[in-house]
Amino acid sequence: MSRYLVTSALPYANGPSHLGHLAGAYLPADIYVRFLRMCEEDVIYICGTDEHGVPITIKAEQMGITPGEVVDRFHEIISRDFERFGISFDNFSRTEKPEHYRFTQEVFLNLFKKGYIVEKSMKQFYCDECSRFLPDRYVGGTCPECGSANARGDQCEDCGSWLDALDLLKAVCEICGSSPAPRDTTHWFLRLNAFQEWLEPWLEAHDNWKSNVLNYCRGWRNEGLRERAITRDLDWGVPVPLPDASGKVLYVWFEALLGYISSTKELFTKRGDPEGWKKYWFDPETRLVQFIGKDNIVFHAIIEPSVLHGLGSYVLPWNIPANEYLTINGEKISTSRGTAIWLTDYLAHFPPDPMRYALAINAPENRDADFTWDEFRSKNNELADVFGNFVNRTIKFAHKAFEGVVPEPAVEGQAERELMASIASARDEMEELLRNFKTKAACLRVMDLAREGNRYFDQSQPWKTAHTDRNKCATAIYYSIQLADSLRILFAPFIPFTCEKIGRMLGSSSLLWKDAGGENIPSGRKLGEPEILLEKLRKGFEEVMQPEDSRPESTDGEAGKPAIKETVSFDEFMKIDMRAGVVKEVDDIEGADKLFRLIVDMGDHSRQLVAGMKPFYSKEELINRKIVVLVNLQPVKIMGVVSNGMVLASDDGKGGVYLLQPGSDSCPGDGIH
RNA sequence: GGCGGUGUAGCUCAGUUGGCAGAGCAGCGGAAUCAUAAUCCGCGGGUCGGGGGUUCAAGUCCCUCCGCCGCUACCA
């Protein structure tokens, strides 16, 4: 027996989780962990939400709530979705826990005293409007090399030159648009270069790791490791535990990795064994296995081992089975373009197992894998037809021909011996595959065994022998039931919910890997009633999943503000054409209490608009007023008058409506973006 | 720009150290009727992105071109 410490990447709590997360870091880990438990290995599975960093503070501003409320909300949603998907964490913590703060600060001080962390002064742009320092990409401006206005703090979008943010001409804050000024600041850097000599041979020794991980590390190593800043000017996060460091927090990637350890500590505290975590993190025999997506390779294969090595005595990763990405309809999943499929939405309509199966058998193990609803339906139906139907036909037959009692096998012929041998070899091959993180191949293998079950059933023809040779019939059903139970065991890491149902029908609950291939269901046992295990899906089934359904982001905003609407892509936004205009004429519309007919000067033309402004503005207030007009809105007739666009205004939801007004220097027809 | 990945049957994907191109689904033909219109048997189908090279032998190694994707370090 070995000791395993399995982790999945800490999900970032600035939004709910989607299929890509599940397929990359959680489902493969869960399958691995369930399998190890069935082999009676000593295994714990650790995770938790990563709750710090700038994107969370930005999200909080967008939602009009505090960062703490953001992470509370998404921690809830993420942990609930994973639980409903059967991801069997032993502990799912969060980096906002006090224990995590204490531990992270301890680690910081430890490395600081050893000289692995150093303090440096530097200049950085500071935005007075936003009251924050601006990391490279939050600064825009004019490129000093080529004069393009599309430069960012790190690189010019047009000429590609590498830039220092401070060299930008006409620097602009990308958040609020105001002009930031350089200001002195102090940051702490992790001296990764100090670990390079140790790291190279350590990586070399792991030539059994997946090639994507090794290649990625090789690239980094060739560039050389540099000092890396591990602090930020922010008030959200774990404070730097040094005097004169107010306003400085430890940066996410540094502290989040330590979340694996603090989550383990929490687990053992809950178990009443506060020292128990040490045997997982300090015993060199422990196999630390970290499931991640490919975007996390550098942190887990280079930075985390360096930090742990710097601390001394901690175990280092035994393997890092990084997965590639899941694409949807051939495109990268993008939350901003709205192409993500949220776990919450899926679970509102469908059970977890079909998705677990579909993602396991087409996992992004070696390269990006594509997900489509058509493919999902095909996999779901395959599972229902081949596996679900095999179990169903077997149990139904037992009820029909043997009153639901497992019959006595009379003869064990060639076919039966071959069947049992076949189960045993499937079990052993799958074990080999699963131990080597070949989840997809293992899943294919167990489906093969289910096909073999159908073949055995067909060739035995119990529906005929029921009338001609009771013994043969009983034998066929007896062995089909044994196979059903073995399939229940071998499928359990992949589709645990379905296997539990089968267990209830067979009166069998053992989840020991070695039991597969045995004759576990004795003759004479009364079987449960057969039920449909897996529903088939028809074309177009996914249409029940529409955006208006329980989308987690659409939860009601605070203080009576409307909820934030569905995300639109930049391209979609760019379709919107807004321009400045000046109101030239205002007329009443006959029969309308609230509407005005406006004639607006758009610079190169004038156009007629209908706007519901009468309750809020008088004609005199409107004449010659500068307004913002959405000009490419589909024209519509209101009370018989054509409106060619929309006047933009803010609405406080309490009856107050206020026209947007371009600045005093703007001219009619000016574009707005 | 640099680095890395990827391109195999209509679709989704496997193809260890070079050694006769594979699976599932879809399609076509047949068998069967216990079962969720499920199952089983058989068949067809690929210039392995293009071109060049090394080799007795290349999907696999080398060069080059094309397409797509990712990373490029105070982005998480």
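Note on naming: letters A, B, ... go to the chains in the order of the sequence lines (proteins, then strands), and numbering restarts at 1 for each one.
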Ignoring backbone atoms, establish whether A:Lys440 has a side-chain N or O less than 4.0 Å from OP1 or OP2 of B:A14.
yes
Considering only the P atoms, how many Å lie between B:C56 and B:U16, rounded to the nearest integer?
23 Å
Assign the ring pair A:Phe541 / A:Phe350 to parallel, tilted or perpendicular, where the plane angle (0 to 90°) is split at 30° and 60°.
perpendicular
With a cut-off of 6.0 Å (strictly less than), are more than 12 heavy atoms of other residues, nucleotides or ligands near NZ of A:Lys472?
no
With a non-hydrogen cut-off below 4.0 angstrom, is A:Ile361 in contact with a base, only sugar-phosphate, or nothing?
nothing
In whole Å, I'd like the distance from the CG atom of A:Asn454 to the C1' atom of B:A38.
9 Å
Can you tell me whether the side chain of A:Asn389 and the base of B:A35 have a donor-acceptor pair closer than 3.5 Å?
yes
What verdict does the side-chain contact (heavy atoms from CB on, under 4.5 Å) test give for A:Leu192 and A:Glu227, after you've listed the backbone C-alpha separation in whole Å, the side-chain angles of each residue and the deciding distance to 0.1 Å?
CA-CA 5 Å; A:Leu192 276 178; A:Glu227 294 182 345; over 6 Å; no
Exactly one of A:Glu429, A:Glu431, A:Glu432 should register a salt bridge (charged side-chain N to carboxylate O under 4.0 Å, His left out) with A:Arg445. Which one does?
A:Glu429
Answer with base, sugar-phosphate or nothing: what part of the nucleic acid does A:Phe457 contact at a heavy-atom distance below 4.0 Å?
base
Which residue in the set A:Trp209, A:Phe291, A:Tyr260 passes ring-ring contact (aromatic ring centres under 6.0 Å, His included) when paired with A:His300?
A:Tyr260
Which part of the nucleic acid, if any, lies within reach of A:Asn366 when heavy atoms closer than 4.0 Å are counted: base, sugar-phosphate only, or nothing?
sugar-phosphate
Phosphate oxygens OP1/OP2 of B:U16: is one of them under 4.0 Å from a side-chain N or O of A:Lys438?
no
Any A:Lys536 side-chain N or O less than 4.0 Å from OP1/OP2 of B:A38
yes
Report the distance from atom CD of A:Glu382 to atom C1' of B:A23, rounded to the nearest whole Å.
10 Å
Consider the side chain of A:Tyr325, meaning its heavy atoms from C-beta on, and name the nucleotide among B:G70, B:A32, B:C40 that approaches it most closely.
B:G70
Can you check the A:Asp458 CG to B:A38 P distance for me, whole Å?
15 Å
Please determine if a side-chain N or O atom of A:Arg393 lies less than 4.0 Å away from the OP1 or OP2 oxygen of B:A38.
no
Kindly state whether the pair A:Phe397 / B:C34 counts as stacked, where counting means centroids closer than 5.5 Å and planes tilted less than 30° apart.
no
Taking donor-acceptor contacts at under 3.5 Å, does the side chain of A:Arg367 reach the base of B:U8?
yes
Just call it for A:Gly388: base, sugar-phosphate, or nothing, with non-hydrogen atoms closer than 4.0 Å on any strand.
base
Closest listed nucleotide, where the reference is the side chain of A:Asn362 and the choices are B:U39, B:U12, B:A38
B:U12
With sugar-phosphate meaning primed atoms plus P, OP1 and OP2, does A:Ala256 contact a base, only sugar-phosphate, or nothing at under 4.0 Å between heavy atoms?
nothing
